Asks: 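Sharing a structure, written as structure tokens. Questions coming.
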Amino acid sequence: MSEILRLTEAYVKYGDIPALSGVSLTAKQGDMIFITGANGSGKSTLTKAIAGLLPLSAGTLTRTPRMSYVPQYEEGDRDFPASVREIVLTGTQRPGNFFHTKADRQHAEAAMNALGISGLADSEIRTLSGGQLRRVFLARAVCGQPELLLLDEPCAGLDAQTHETLFTILRGMLAEGCAVVMVTHDISDIDGIPEGRVIRISAGRILTHE
Amino acid sequence: MNDFLGLITYPFVYRALIAGAMISVCAAVLGVVLVLRHYSLIGHGLSEIGFASLSLSSALGIPPMYIATPSVIAASFIIIHISRKHETSGDTAIAVASSAALALGIAVSSLSGTASNMSAYLFGSVLAVSDADMWLAVVLSAAVIGAFIVLYNRLFLITYSEPYARSLGINTAMYQVIISVLTALVVVAGMRITGTLLISGVIILPAVSARIIARGFRSLVIIAGAVSLVAFIAGLGLSFVVNIPAGAGVIIANAAILIITRIFGGRP
Ligand SMILES: Nc1ncnc2c1ncn2[C@@H]1O[C@H](COP(=O)(O)OP(=O)(O)OP(=O)(O)O)[C@@H](O)[C@H]1O
Ligand SMILES: [Mg+2]
């Protein structure tokens, strides 16, 4: 099984304040990793560091370039004039390819279908509810055919059925060799994929590897 | 109306129509990106730097585009760089640079005795559009539209969310540079016809109107381009009929479209 992600002795600071101190993490194909910890413990900071959005002040990060990331909070303007389909399709963009292929479009339609938002494909994102928008971001991540899927509290605000749908999708992706790193506060998430590893973090350090 | 159609046979009208139509479309299309990224003021700042360059080149007797093109591109880098570094001070940087440039331009024009050109530079003049200007406008516009088509998906992605684009491995800093250069090219290409004071309106207004009616990003881009083209033709016609500078006519037409869409086309 080839390695998808290796983070070694990573340190991240906000100004002078350390947010991650010596965190190491590896993931291979098909690995499921849950990250838990109290509010403010550094979970989102860890996912942003893996996504390459925060520079490491020390340590190293190597990972596949084929990564999809779903941030904890929506990052774009809520009022941005874009349709659901347009946003989902952006998940297929990679450096070097400028135009969407037929396959990209099919992946996008399949992802919207899987997350139950096909009916909203032509709606503007500003007209969606919070949970619907979350499904849009999940569809965007899924349709990028990632080797590493990075999810920061993806279940917050999802109804029970969508939660179940997401786990069905995740199990399918894991079976195909995608590695998934997911931040969650919910123990039942962990029960949903029992073979997953659980990493607890506290004050920017890893407490336990289970 | 017949008078207006008859006018098209005059070479200067014909040149202005071709150059202006192309510039209007690409200004509006790029304007969509600038408005959504909250860079609305940049066109304005750049155009006043363009004015200073025009005054300077005319005083020195050098073809204007040789000075205007590099200085506007340089200015656009500086302005966007400052806006990104210090979030809030971008508009202050633009205000400082543009008023200083305007003052410099006026001073140079007055001292060098080329002040008679000043009104054409500030407010635009279709008479001032030479064959070379027309071709420059056509080439620059074609380059901007071509770049926009090739980079469309990227520009959409980055305009919506820069962090997400970076997480996909996209070099967002490079696209920032591309957006700066394209904006500078549009300003340089357009400022002869609409005037340096009004080119920023040609960039911004169609996007604002289009946003009221559009559903989604692609329709926003297409509608902005179409609005701009219609406003340009109507505005040029108006400028002949009531004898006002072309730039003023185009902006009045754009403003009228904006008011009409506001009243009749509100989004739910
Ligand atoms: N942009 C920032 N600037 C300064 N400090 C920050 C910033 N973002 C996070 N922090 C700090 O870093 C620490 C870790 O934050 P982080 O967002 O990673 O926590 P988290 O584990 O994701 O919490 P939550 O469960 O609430 O999402 C917190 O103490 C927070 O105050
Ligand atoms: Mg968090």
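A, B, ... follow the sequence lines: proteins, then strands. Residue 1 opens every chain. Hydrogens, waters and symmetry mates are skipped; everything else that's a heavy atom, side chains included, is used. Values in this document were obtained by computation on a predicted structure and should not be read as measured data.
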Asks: Less than 4.5 Å apart, side chain to side chain, heavy atoms only: is that true for A:I125 and B:Y160?
Replies: yes
Asks: Can you confirm whether A:R66 is buried at CZ, in the sense that more than 12 heavy atoms of other residues, nucleotides or ligands lie under 6.0 Å from that atom?
Replies: yes
Asks: Write down the atom of A:E86, the atom of B:F217, and the distance for their closest heavy-atom approach.
Replies: OE1-N, 2.7 Å
Asks: Should B:N153 and A:F98 count as side-chain neighbours, where that means a heavy-atom distance under 4.5 Å?
Replies: no
Asks: Is it the backbone or the side chain of B:L220 that comes under 4.5 Å from a heavy atom of chain A, or both, or neither?
Replies: side chain
Asks: Restricting to non-hydrogen atoms, name the atom on B:R154 and the atom on A:N97 that form the minimum distance, rounded to 0.1 Å.
Replies: NH1-O, 3.2 Å
Asks: Pick from A:G96, A:S123, A:A82: which one has the most heavy-atom pairs with chain B under 4.5 Å?
Replies: A:A82
Asks: Under a 4.5 Å heavy-atom cutoff, which of A:H100, A:M67, A:R140, A:K48 has the most pairs with chain B?
Replies: A:R140
Asks: Top residue by heavy-atom pair count (under 4.5 Å) with chain B, among A:P95, A:S83, A:A51, A:G91?
Replies: A:P95
Asks: Answer yes or no: does atom CZ of B:R218 have more than 12 heavy-atom neighbours from other residues, nucleotides or ligands under 6.0 Å?
Replies: no
Asks: Between B:R215 and A:D122, is there a side-chain heavy-atom distance shorter than 4.5 Å?
Replies: no
Asks: Which pair of non-hydrogen atoms, one from B:L168 and one from A:T90, has the smallest distance, and what is that distance?
Replies: CD1-O, 3.5 Å
Asks: Is A:P81 close to B:V32 at the side-chain level, that is, under 4.5 Å between some pair of heavy atoms?
Replies: no
Asks: What distance separates A:L53 CG from B:E162 CD, expressed to the nearest 0.5 Å?
Replies: 10.5 Å
Asks: If we only count heavy atoms from C-beta on, is the A:V70 to B:Y164 side-chain gap below 4.5 Å?
Replies: no
